[in-house]
Amino acid sequence: MDSVFYILSKVLRLLLSPATWLLIIPVIAWLLSKVRRNGLALGLWVVEIISILLIGFYSVGQWLVYPLESYSHLPEETAPSPDGIIVLGGAWRPFVADYWNQWELNQAAERELAFISLSRRYPDAKLVFTGGSGRLMHQDLKEADIAERLYKDLGIESGRVLFERESRNTFENVKFSRKLASPKAGERWWLITSAYHMPRSVGIFCRFGWPVIPYPVDHFYTEQTWKPSWGFTDHLWELEKVSYEWFGLLVYRITGKVTVFFPEEC
């Protein structure tokens, strides 16, 4: 059943992508004009143009990401030391890393930087990296394999990090990591992931009875202004990431993989 969910999520992600609809709408408008539904065709062209201008001049994704990123904050400086630290995969470029035979990071590199920094600050903490392959094809390219090479190159002791390699999505990250780490009652675990991804991630940990303390990184949101500034490519990229996260949160809630959208505590 998990495999069916995984495949459907990939297909629906493509179908619900804002970029996909920016391509589909003109096609539908053209087809409508061919069957002389000119009014509907014109309406769709208006929607297309307004969407392009809105996304181009304004960071719509940042408006949508604020509720997600404001959910969590870094632990207080006076917070007790963690017993364990877990970082979610997603900061890697597996195909590029495989081609060049070296580790390659993407825009979520802060996840790995924070994990490495905290591993040195808290030398007694248990460490877990979780991430296999999130692609339908090429399941042989595992993020954990690249991460292991990075940690070794940066001097993290061999054997200190537990690597979970089989997960394909966040739900499986938690499911498989729980078996691997065997967290004990009362332990304080810090969770590192992108800030916009934290509500869904914490919800899944709660679903598995594994309380975690958020350690959010990789923020999108900055102070917003109504002054227009053209940046269509960057704005569309942000919107893609954020809209997919909202979609994922909704689907996980409907399917029972999380019990609330923004969990206060487990």
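Taking the six-membered ring where the residue is Trp, W230 and F232 present parallel rings, their angle staying beneath 30° rather than reaching 60°. Ring pair Y221/Y66 is tilted by interplanar angle, where 30° to 60° counts as tilted.
Taking W210 as the reference, W189, F205 meet the ring pair (Phe, Tyr, Trp, His ring centres under 6.0 Å) condition, with sequence neighbours excluded.
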Quick one: do R178 and N173 satisfy side chain to side chain donor-acceptor pair (under 3.5 Å)? Show the steps, please. CA-CA 8 Å; R178 195 181 193 285; N173 284 153; over 6 Å; no

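Contact check on E187 versus K126 returns a salt bridge, with a Lys/Arg side-chain nitrogen under 4.0 Å from an Asp/Glu carboxylate oxygen. Salt bridge annotation for E172-K257: absent, with no cationic side-chain nitrogen under 4.0 angstrom from a carboxylate oxygen.
Looking only at distances, a side-chain donor or acceptor of T255 sits under 3.5 Å from a matching main-chain atom of V251.
Of all heavy-atom pairs between I25 and E48, the closest is CB-OE1, 3.4 Å.
Side-chain contact between I192 and L118 is present, with at least one heavy-atom pair separated by less than 4.5 Å. The shortest side-chain heavy-atom distance between L191 and I213 does not fall under the 4.5 Å cut-off.
The six-membered or imidazole ring of F115 lies away from that of F129, with a centre-to-centre distance of 6.0 Å or more.
Listed by first and then second residue, the side chain to side chain donor-acceptor pair (under 3.5 Å) pairs involving residues 70-99 are W92-E112 (not counting sequence neighbours).
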